[in-house]
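To start, the structure itself, in structure tokens.
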Amino acid sequence: MIALADCNNFYASCERVFRPNLNDKPVVVLSNNDGCVIARSNEAKVLGIKMGEPAFKSRDIFDRNGIHVFSTNFALYGDFSNRVMSILSDSVPSIEIYSIDEAFMNFRGIPNQEEFAIELRKKILQWTGIPISIGIAPSKTLSKVANSIAKKKRKNGVCILMDKHETLEYLKLFPVSNLWGVGRKFSKMLEKNGIHNAYELTQKSDNWLQKYMSIVGLKMVKELRGESCFDMVNGWSRKKSIMTSRTFGHEIDNFKGLAQALSTYASMCAAKLRKEKSCAKSIHIMIFTNPFKQNYRMNYKASKTIILDTPTNDGLEIVSRCIDALRSIYRPDCIYKRAGVIVSDIVPQSQVQLTFFHQHADIEKRHHLMAAVDKLNDGFGRMKVRFAINGFEKKWHLRQEKLSPCYTTRMSDLLRIKY
DNA sequence: TCTGGGGTCCTAGGACCC
DNA sequence: TCTGGGGTCCTAGGACCC
């Protein structure tokens with residue numbers, strides 16, 4: 001069985017820990033620059049405050065109802081998250097931290113699972129001050145459903161879905177749009193096809209599901225039927241991309257200002273890479289004007305990708321590459337509201353990726369390639385190899401275990417070796 | 001006046017090769 | 001010279017999650 005622990009109204013609950021007088025009072029937390037609502041206490045939800053709603057639209061409701069409004073404090077939320085997760089991980093065989101406020105837990109081998117979960121929940125509340133809900137079921141998707149029931153309908157904050165018939169009855173009451181994996185678009189499409197609740201979705205054929213909702217949608221429905229398709233992911237895994245982006249407090253209308261903002265984000269990305277002991281080979285920059293303003297001088301968004309020869313996590317290098325790229329997409333007639341940097345094609349820091357370049361067909365022979373690798377190891381420097389011969393590629397893959405991991409790009413094949 | 005920030009995965013379609 | 005089929009790789013964009 002898989003259990004999902006989910007902190008209730010997480011950011012709002014964190015703020016309340018130090019302000020117990022706010023228990024039972026409506027609390028909201030706003031995003032960066034106090035732009036929009038990103039967390040609400042139950043009392044605030046009852047007042048009709050919507051998730052993601054721009055704060056300026058809700059000011060009235062805030063004032064009229066004496067809602068307590070907080071700006072974000074992500075350092076605080078991160079600390080609380082760590083505490084909750086470490087208690088969870090000490091209590092069960094294994095956990096998968098899914099987000100800042102959620103974790104899947106492996107409940108296999110635990111007797112009296114419901115009792116166990118109730119006690120676990122008490123412990124978390126007592127030790128951290130954060131209320132959580134726990135849903136237990138045979139699959140991740142069903143544990144999401146169970147968690148939702150636990151939050152809304154269970155006083156003890158725990159719901160277990162074991163019995164198949166009982167589960168189906170719950171699914172009949174569960175709106176399809178609330179399912180994990182069904183967003184706005186799918187929700188609309190499903191309604192159009194007369195599917196309103198989760199049970200109705202489970203009745204569709206596998207072919208239909210795959211056709212209209214891709215393989216992911218099919219797996220999700222199989223999970224609803226009780227078959228586990230999404231495995232627990234144990235342990236830490238290297239991020240595939242890292243992003244830093246912000247909406248500016250004030251709009252920016254000059255190159256220097258934009259370059260400054262991008263420099264900050266680029267060095268933040270580099271710092272995150274170093275913290276993970278990773279290097280990136282691709283850098284992506286993005287700049288935006290305000291999309292909510294019609295005909296505001298000009299609506300413009302642009303992006304540019306930079307591919308590096310050698311992966312790096314060096315702040316100065318990443319910053320300078322970003323600024324170079326900015327020159328090619330910057331338009332002086334625009335007013336900018338937002339910018340960001342993404343680094344991707346991430347590899348471990350301990351490995352260096354090397355690019356070879358060859359002009360002679362005979363390099364396809366293994367010993368020539370190995371000689372080239374040796375030269376590199378001897379500090380010969382960087383060479384570039386371009387594999388124009390199709391046959392070579394096949395041989396390459398056959399020996400992948402010797403040279404692995406490797407992968408290709410359009411212009412050149414890349415080889416990663418221990419430095 | 002004021003509209004978040006950070007991720008993952010899948011697919012369709014184009015370029016290119018033989 | 002033209003055409004078609006089979007294959008790989010890459011990218012952009014779209015969907016989803018919190």
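In the text below, chain A, chain B and the rest are named by the order of the sequence lines, each starting its count at 1. The structure displayed is predicted, hence computed values, not measured ones.
Distances from the side chain of Ser99(A) to the nucleotides dC2(B), dC18(C), dG4(B) place dC18(C) closest. In the set dC18(C), dC2(B), dG4(B), dG4(B) carries the atom at the smallest distance from any side-chain atom of Ser31(A).
Looking only at distances, no side-chain donor or acceptor of Thr128(A) sits under 3.5 Å from a matching main-chain atom of Leu125(A). The main-chain N or O of Leu316(A) is found under 3.5 Å from a side-chain atom of Asp314(A) such that the two form a donor-acceptor pair. Looking at Thr72(A), its side chain never comes within 3.5 Å of a backbone N or O of Phe74(A) through a donor-acceptor pair.
Residue pairs meeting the ring-ring contact (aromatic ring centres under 6.0 Å, His included) criterion with at least one member in residues 231-252 of chain A, sequence neighbours excluded, do not occur.
Residue ring and base: Tyr98(A) does not count as stacked with dC18(C) (centre distance below 5.5 Å and interplanar angle below 30° not both satisfied).
Considering only side-chain N and O atoms, Lys337(A) lies nowhere under 4.0 angstrom from the phosphate OP1 or OP2 of dC2(B).
Remark: the separation of the C1' atoms in dC17(B) and dG4(C) is 14 Å, to the nearest Å.
In this structure, Arg83(A) satisfies the cation-pi test against Phe80(A), with its NZ or CZ atom closer than 6.0 Å to the six-membered ring centre and inside 45 degrees of the ring normal. Cation-pi contact between Lys211(A) and Trp208(A): absent, since separation from the ring centre below 6.0 Å together with deviation from the ring axis within 45° is not met.
Evaluation of the ring-ring contact (aromatic ring centres under 6.0 Å, His included) rule for Tyr98(A) yields Phe104(A), Trp180(A) as partners, not counting sequence neighbours. Tyr199(A) pairs by the ring-ring contact (aromatic ring centres under 6.0 Å, His included) definition with nothing, not counting sequence neighbours.
One atom, CZ of Phe10(A), and another, P of dG4(B), lie 22 Å apart when rounded to the nearest Å. In this structure, Asp6(A) atom CG and dC18(C) atom P are separated by 8 Å, rounded to whole Å.
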Base-pairing string, 5' to 3', of DNA chain B - Watson-Crick or wobble, under 3.5 Å, | interstrand = ....||||||||||||||
message = How would you summarise protein contacts on nucleotides 5-10 of chain B per nucleotide, using B for base, S for sugar-phosphate only and - for none, with heavy-atom distances below 4.0 Å?
response = SBSSSS
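Glu53(A) comes within contact range of no nucleotide atom at all, as no heavy-atom separation falls under 4.0 Å. Residue Asp34(A) is out of contact with every strand shown, counting any heavy-atom pair closer than 4.0 Å.
Under the 4.5 Å side-chain criterion, counting only non-hydrogen atoms from C-beta, Asn178(A) is not in contact with Val145(A). Residues Arg331(A) and Tyr336(A) have side chains in contact (heavy-atom distance under 4.5 Å, counting atoms from C-beta outward).
Taking a 4.0 Å limit (strictly below) on heavy-atom distances, residues 177-193 of chain A reaches DNA chain C at Leu179(A), Trp180(A), Gly181(A), Val182(A), Gly183(A), Arg184(A), Lys185(A), Phe186(A).
Between Asp253(A) and Lys337(A), none of the side-chain N atoms (NZ, or NE/NH1/NH2) sits under 4.0 Å from a carboxylate O, so this pair counts as no salt bridge.
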